[in-house]
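A short worksheet on the structure shown next.
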Amino acid sequence: MTADLPSAYAPQQEAALKAIAKWMKGGGDQVFRLFGYAGTGKTTLARRIADDADDLVLFGAFTGKAASVMRQKGCHDAATIHSLIYRTKEGDEGGPTFTLNRAGPASKADLIVIDECSMVDSDLGNDLLAFGKPVLVLGDPAQLPPVRGGGFFTEAEPDVMLTEVHRQAADDPIVRMAMTVREGGRLSLGEFGESRVVSRRTLDPAEVLDCDQVLVGMNKTRRLYNNRLRQLAGHTDPMPSIGEKLVCLRNDRTKGLLNGSTWTVQALRPPPRPDTIRLDVVPEDDPALRRRAVDIKVLRQVIEGSEEEIPFSMRRETDEFTYGYALTVHKAQGSQWDKVVLFDESYAFREHRARWLYTGLTRAARAITVVV
DNA sequence: CTCATCCC
């Protein structure tokens with residue numbers, strides 16, 4: 001674990017640590033909900049809790065990407081919840097099927113810590129609790145709930161809610177914008193530090209090309225903007241060229257591929273089949289972590305974002321990537337970039353519009369441009 | 001004027 005933990009905590013964080021310590025002695029509820037908004041120091045507490053525990057602690061998250069972020073924060077062997085509780089069987093037509101793995105990792109744990117718990121739906125949440133183990137869930141209730149099944153953990157009241165934004169974050173324009181949106185407010189046009197809110201008419205395309213990640217709401221917009229950004233960069237071939245940005249669409253543990261991770265094309269290899277391309281790609285988000293390129297094979301129709309159903313036998317033999325200049329906020333949940341351009345399509349998400357915008361805003365670590 | 005995950 002990391003050693004650079006702060007020696008002092010804010011009063012709210014101290015109280016949270018006490019409440020969790022008491023819960024861990026047992027006799028109470030199976031689940032402890034530690035919720036907190038962006039900038040409230042949830043991560044710090046999660047690390048501390050993990051450090052203090054003597055027993056066998058398992059770390060999990062809904063997506064492979066979120067589990068990877070957990071590992072980077074020092075949570076050893078953090079894995080997907082699926083891999084902790086399920087055994088997979090190859091389905092006839094419908095891809096993999098999951099059955100409870102009663103003797104699997106979750107059955108041996110003394111404590112299970114789940115991060116980004118707003119992503120967990122009711123099916124997975126119920127199956128996780130079926131192991132009867134104490135589960136500490138960390139999450140942000142202002143984030144988007146799962147598409148189906150509802151936010152199993154975040155629909156209930158928290159045991160501890162961290163609301164105090166720590167000092168350096170309180171001055172951060174991104175955190176302030178996120179707070180405004182969470183409280184039901186609207187963003188006003190203007191500049192806020194390095195961040196800004198601009199109208200579509202006054203947007204400079206150069207700014208969009210310059211950012212680390214473009215985020216949108218709808219897949220229709222994502223495809224449109226990916227095409228536009230490729231055009232602006234001078235790419236005419238429908239297949240990727242060297243230097244282009246791709247996003248991975250399916251985990252592959254042995255190859256180190258995470259759904260939602262972004263990559264840069266480093267080299268083109270001869271196509272193995274007329275319907276398939278072969279590329280070397282390097283990770284975009286953590287280039288220091290792993291320099292080595294990964295050799296991938298992708299069906300042309302997957303790159304092109306074809307809606308057609310591809311047989312599972314065919315999908316299993318290939319990797320899944322498409323253009324990653326623009327991503328949906330849903331896809332980006334669990335990821336962060338320094339400079340983000342966010343096209344506000346919150347109107348499309350009705351009752352979840354504030355959560356959509358909040359989730360989009362909090363994907364930016366340093367600067368955000370919101371296009372309204 | 002809707003979004004999506006999981007495995008080997």
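Residue numbering restarts at 1 for every chain, and letters A, B, ... go by the order of the sequence lines.
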Given DNA chain B, 5'-ward residue of the pair R222(A) and T88(A), judged by closest heavy atom: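 The answer here is R222(A).
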Most 5' of K220(A) and R315(A) on DNA chain B, judged by nearest nucleotide: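 The answer here is K220(A).
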D319(A): salt bridge (Lys or Arg N to Asp or Glu O under 4.0 Å) partners, not counting sequence neighbours: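 Partners of D319(A) by the salt bridge (Lys or Arg N to Asp or Glu O under 4.0 Å) criterion, ordered by chain and then number, come out as K255(A).
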Those residues that, when tested against R366(A), pass salt bridge (Lys or Arg N to Asp or Glu O under 4.0 Å) (two or more places apart):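 In terms of salt bridge (Lys or Arg N to Asp or Glu O under 4.0 Å), with neighbours along the sequence ignored, R366(A) is linked to E194(A).
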Summary of ring-ring contact (aromatic ring centres under 6.0 Å, His included) pairs that have at least one residue in residues 204-234 of chain A, sequence neighbours excluded: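 Qualifying pairs: Y225(A)-F343(A).
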Could you list the donor-acceptor pairs under 3.5 angstrom formed by side chains in residues 29-41 of chain A, with sequence neighbours left out?
from: Q30(A); atom 1: NE2; to: L129(A); atom 2: O; distance (Å): 3.0
from: Q30(A); atom 1: NE2; to: K133(A); atom 2: O; distance (Å): 2.9
from: R33(A); atom 1: NE; to: F153(A); atom 2: O; distance (Å): 2.9
from: T40(A); atom 1: OG1; to: Y37(A); atom 2: N; distance (Å): 3.4
from: T40(A); atom 1: OG1; to: Y37(A); atom 2: O; distance (Å): 2.6

Terminal contacting nucleotides, 5' and 3', DNA chain B versus chain A (heavy atom, 4.0 Å):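 Here the contact window of chain A covers dC1(B) to dC8(B).
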Which part of the nucleic acid, if any, lies within reach of [X] when heavy atoms closer than 4.0 Å are counted: base, sugar-phosphate only, or nothing?
X: N251(A); result: base
X: K89(A); result: nothing
X: R87(A); result: nothing

F349(A)/H330(A) aromatic ring centres below 6.0 Å: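 F349(A) vs H330(A): aromatic centres under 6.0 Å.
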Linked hydrophobic residues, V147(A) as query - side chain contacts closer than 4.5 Å: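 Noted: V147(A) shares its cluster with no other residue.
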